[in-house]
Amino acid sequence: MAVPDPRRAVPRTDVVLADQRLQPAITQLGTARVKAAVRSAQEAVRRQELPAGLVVDSVLAALSSAPGSMRQVINATGIVLHTNLGRAPLSSAAIQAIGEVAAYVDVEYDLSTGRRAKRGRGTLAALRSAVPAAEDVLVVNNGAAALLLAVTTLARGRSAAGRVGDSAGSAGSAQDEVIMSRGELVEIGDGFRLPELISAAGARIVEVGTTNRTNRADYQRALSESTGCIVKVHPSNFRIEGFTAEVTVAELAALSGDVPVVVDIGSGLLVPDVLFPAEPDVTSTLIAGADLVLCSGDKLLGGPQSGLLFGRAELIERLRRDPLARALRVDKLTLAALEASVSGPPTPTARYLRADPDTLRMRATALAGGLPSELGALVVEVSGAVGGGGAPGVELPGWALSLPAGYAERLRAGRPPVVGRVEAGRCLLDLRCVDGEQDALVLQAILDAGGFA
Ligand SMILES: *Cc1c(COP(=O)(O)O)cnc(C)c1O
């Protein structure tokens with residue numbers, strides 16, 4: 001007997017679109033979006049994953065979830081700040097705050113006087129009270145924007161400063177040089193190189209020292225009338241060991257004179273953290289003498305994508321008044337999420353970084369116990385990672401469920417997609433970044449992927 005061609009059973013698009021049950025969705029969401037959902041349901045029927053009779057139900061279910069092309073995934077990679085998965089997941093407090101301010105909101109308005117007020121003042125106050133060592137703070141789009149703004153403002157040439165017609169014979173007065181150690185000319189990831197960003201800002205980098213060693217005299221020799229600032233960068237994602245030397249922030253502050261010392265610490269710890277003894281933090285860096293400290297908001301801080309600048313009030317004010325600041329400013333959603341992340345309950349990032357290995361082992365064992373034995377699931381010791389270009393030497397001890405490698409792809413195709421990692425021919429699911437309530441979802445996803453449903 002011939003096997004029936006499953007494509008025969010696929011209902012036609014116009015027939016599905018004419019179904020009464022879809023009319024409210026077409027009116028509300030538009031034909032294009034409903035049609036796209038119909039297409040993917042038809043595909044599922046072709047792949048024999050959906051009975052033809054359930055096409056409309058499947059379309060309705062797909063449309064009832066949030067619109068948009070990005071899909072929520074379960075991060076079972078064990079990498080807490082996974083850049084490809086959007087870095088830091090937000091806390092419930094931050095998500096709630098975003099929902100609250102999505103409407104009209106007094107972001108730049110004083111309700112008592114009915115006049116304009118300072119934009120995002122509550123968020124700035126929260127950051128200032130988290131870092132009392134900072135005289136002032138500014139929030140921009142991301143860490144890269146923070147560096148761009150700092151360099152553009154502090155190391156601009158005379159013509160760029162807008163003194164039109166005053167360029168003759170004044171080449172020596174342009175302060176467009178940025179002094180940087182050769183050991184800190186780093187690439188952050190995906191081709192993003194800090195020196196290229198600094199050059200794009202119109203500044204000239206004066207490289208000092210060597211890859212492994214830079215000393216005070218190197219900086220001293222490079223300082224001149226043309227120096228706009230000294231930039232020190234924390235090499236977030238690699239370590240140089242052995243015969244090395246670098247100049248500390250305190251030493252730079254002592255030798256720099258009037259020249260601002262700008263320190264890009266990358267990760268965004270506001271205060272020291274015993275879990276990451278080698279990571280610099282904003283407070284200690286300011287106390288050591290930095291004039292400006294920059295970091296990302298969505299790395300170890302666990303907030304929304306943003307770039308934070310802390311430091312001397314006079315410098316922050318110059319940055320704030322730079323025309324570029326307007327192009328790099330954050331929206332109200334970011335301000336709200338950042339405030340909740342800084343002053344609210346511990347962020348998911350903080351919780352995942354501190355996940356207790358014994359609890360991870362128990363959860364993985366419970367999952368394994370819920371699976372058919374023929375699947376061959378094991379519970380294995382693994383180490384998770386901070387990720388996101390932070391704390392490169394730090395390993396986070398934990399346990400993972402180990403499945404045959406073929407599960408990785410099938411789990412990614414599931415609903416919700418579960419993203420694990422493949423190591424030594426096995427698919428590892430690390431529950432470090434999975435909230436306990438989601439374990440049942442993960443179990444169901446594995447059963448579905450294995451066809452055990
Ligand atoms: C991550 C990082 C950046 C870039 O920050 P984004 O928020 O990703 O733009 C810049 N400098 C350092 C040292 C970093 O670690």
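When a ligand or atom number is given, it counts from 1 through the structure's own listing order.
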side-chain hydrogen bond (donor to acceptor under 3.5 Å, both in side chains) partners of Asn215, counting only residues at least two apart: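 With sequence neighbours excluded, Asn215 shows a side-chain hydrogen bond (donor to acceptor under 3.5 Å, both in side chains) to no residue whatsoever.
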With sequence neighbours excluded, residues passing side-chain hydrogen bond (donor to acceptor under 3.5 Å, both in side chains) with Arg415: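 side-chain hydrogen bond (donor to acceptor under 3.5 Å, both in side chains) check on Arg415 returns nothing, list empty.
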Hey, does [X] come in under 3.5 Å of ligand 1, counting only N/O atoms on both sides?
{"X": "Ser306", "value": "no"}
{"X": "Ser267", "value": "no"}
{"X": "Asp298", "value": "no"}

With heavy atoms under 4.0 Å as the rule, classify the contact between Ser236 and ligand 1 as side chain, backbone, both or neither.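 Within the 4.0 Å criterion, Ser236 contacts ligand 1 through side-chain atoms alone.
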Would you mind telling me if ligand 1 is within reach of the side chain of Lys232, the backbone, both or neither, using heavy atoms under 4.0 Å?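 Neither part.
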Do Gln305 and Asn141 touch side chain to side chain, with heavy atoms closer than 4.5 Å?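 Side chain of Gln305 against side chain of Asn141, heavy atoms only: contact under 4.5 Å found.
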Side-chain heavy atoms of Leu338 within contact of Leu127, under 4.5 Å: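 Heavy-atom side-chain distance check passes, below 4.5 Å.
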Proximal atoms of ligand 1 relative to His234 (non-hydrogen, under 4.0 Å):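 Counting from 1, the qualifying ligand atoms are 13 (C).
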Can you list the ligand 1 atoms lying under 4.0 Å from a non-hydrogen atom of Ile188?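 What qualifies from ligand 1 is 1 (C), 2 (C), 11 (N), 12 (C), 13 (C), 14 (C), 15 (O).
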Under 4.0 angstrom from ligand 1, any heavy atom of Lys299?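 Contact check Lys299 vs ligand 1: positive.
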